[in-house]
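What follows is one structure encoded as structure tokens, with my remarks underneath.
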Amino acid sequence: MEIRKTVYSIIPVILLAIVGLLLHFKGLSFDFLAYRLDSPNTHRAFLIFGAIALPLILLLASDKAFRDEPLHSKILMIGVSSFAVSMNFYIHFIYIFSIVFTVCIAVNLYFERRLCRPTVFHILIFIYFIINLASLLWTSDWVSGIHYLKKDLSLVYVPLFFCMFSLRREQLRAILIAVGRWFIFFAFLSVCAWILESRALGLPLSESFSLTKHFLGNIVTPFAVVFSWSNFDHPTYVSIGLILGISILWYYVGKKRVTVSELVFGIVIVLFLAVITQSRFMLLAWAVANTIFVLYSLRKRKKAMIILICISVVSVTALLRLSPNITKRLFMDDVRKMHYSAAFEAIEENTWLGTGIGGMTKYINKDNPIYTPPISTFWAGHYHPHNQVIGDLMQTGILGLLSIVSLIVYSLYTSISQRNILFFSFVIMYLLLMSIEMPLMVDQGLYYFVFVISLFTANRPENEDYYKAINIWRGNT
């Protein structure tokens, strides 16, 4: 144990040394964007095996709890971990690792021969799916409705997966630590790609540092450069995994399962990515997650905690006073104002039933006079009001509103009742995300939500409620 902790404590130093070498040797460059186009199969193989499978297996294998498990349990843990990290990539990778996850569950189920009853969260998420499905009956856009309903199938099959296995606490711990470390490895690869891709495109690294959003060299977005090695570059949804990663490190530093150097490296590198990608949500979520865990670590030192809270309140107040446009840019910019106007126009006309799934395009479109240039001229990627609660009320009416509120309240209540600060921080992050986006209409946001909450609310063999487990082969105990 001590040897492995020593190794993990120096890994951040090694990674920083690699970044330093890349910065020192200015002739090093690589055009990942061109490579992805020229060699798509090789790039895909690199991501599946080099970036996901091999690092994860090595991270799991370094944990004694994993090595002590029987083979079928190891296979299950690999399936859970790989499915979790696949959500930081394009949807086809999520589908590929859904199949891997299914096979791993099937192998484990053959040996364990046990099913678990659905949890309350599974029932609530299924109701949410049924409401979306029923709203297809009155939608004005069947094509769009079917498209989003296909995405929503994950609301059915991911909870179903969690009814086919259960994880003991030590298994869950090993999975979470491996996944948390992998997300920091993802951040490290992104920084390296930023250096190499910027040079390949002839862009000075200093151009990435700015307080306002802009194109690098007037040709490419910062996040396209940073995540050029990957196949998915939406910084808001990549943020979910990265913030979850540093939250996991925070949690297990407190339990002395992760070294402080790993945590510091994770905190710094994710902050650095937030700056160079110009991602407002990543920066906000980073600040909130770290604040939550600092306060949690000071929970037994009341005076220090009160002082920190006061300093935080004063700092935020001063920041808002000096830069009053910060909240406007994040929560109420001109584009969101137009989206909200269109949404409430729809809600006023379809209060009870909503527009139906996919029917929001009747109101959120460039021909609606609510939208003015430049958004109406350069229309791209605008298909929801960028607020989950408003969007569900707009799309599925009162029932949709009640359903999403129930999911939020249940998740928040459960995280508090379990006294699980890691689960709580994830729910808070999603509340922030839901206030500026509709993550349940985006593949990565949808999968992260249903998978992570299913993971935290699943039945455990150590729980008193585990008597609910059902033996499906006679004679199995």
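Note that this is a predicted model, so its numbers are computed, not measured.
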Item to complete: Assert yes or no for the condition that the ring centre distance of Phe83 to Phe451 is strictly below 6.0 Å.
Response: yes
For residues [X] and [Y], determine if any side-chain heavy atom of one lies less than 4.5 Å from a side-chain heavy atom of the other.
X      : Y      : result
Tyr157 : Ser98  : yes
Leu412 : Phe424 : yes
Ile436 : Asn387 : no
Phe293 : Leu422 : yes
Phe265 : Ile11  : no
Ile267 : Trp286 : yes

Fill in: Flag for Ser411-Tyr430: side-chain donor and acceptor within less than 3.5 Å
no
Discussion item. Within a 6.0 Å radius of atom CZ on Arg299, are there more than 12 heavy atoms belonging to other residues, nucleotides or ligands?
Written reply: yes
Worksheet item: Is any side-chain N of the basic residue among Glu69 and Arg168 closer than 4.0 Å to the acidic one's carboxylate O?
Response: yes
Worksheet item: What's the verdict on side-chain hydrogen bond (donor to acceptor under 3.5 Å, both in side chains) for Asn88 and Tyr448, showing C-alpha distance, side-chain angles and the deciding distance?
Response: CA-CA 9 Å; Asn88 251 34; Tyr448 265 123; 2.6 Å; yes
Worksheet item: Are any side-chain N or O atoms of Ser279 and backbone N or O atoms of Met282, one a donor and one an acceptor, separated by less than 3.5 Å?
Response: yes
Practice prompt. List the steps, then state whether side-chain hydrogen bond (donor to acceptor under 3.5 Å, both in side chains) holds for Tyr128 with Asp152.
Written response: CA-CA 9 Å; Tyr128 182 82; Asp152 284 352; over 6 Å; no
Worksheet, complete the sentence: Applying ring-ring contact (aromatic ring centres under 6.0 Å, His included) to His147 and not counting sequence neighbours gives none
Worksheet item: Residues in salt bridge (Lys or Arg N to Asp or Glu O under 4.0 Å) with Arg173, at least two apart?
Response: Asp63, Glu170
Worksheet item: Which pairs pass ring pair (Phe, Tyr, Trp, His ring centres under 6.0 Å) with one or both residues in residues 36-81, sequence neighbours excluded?
Response: His72-Phe111
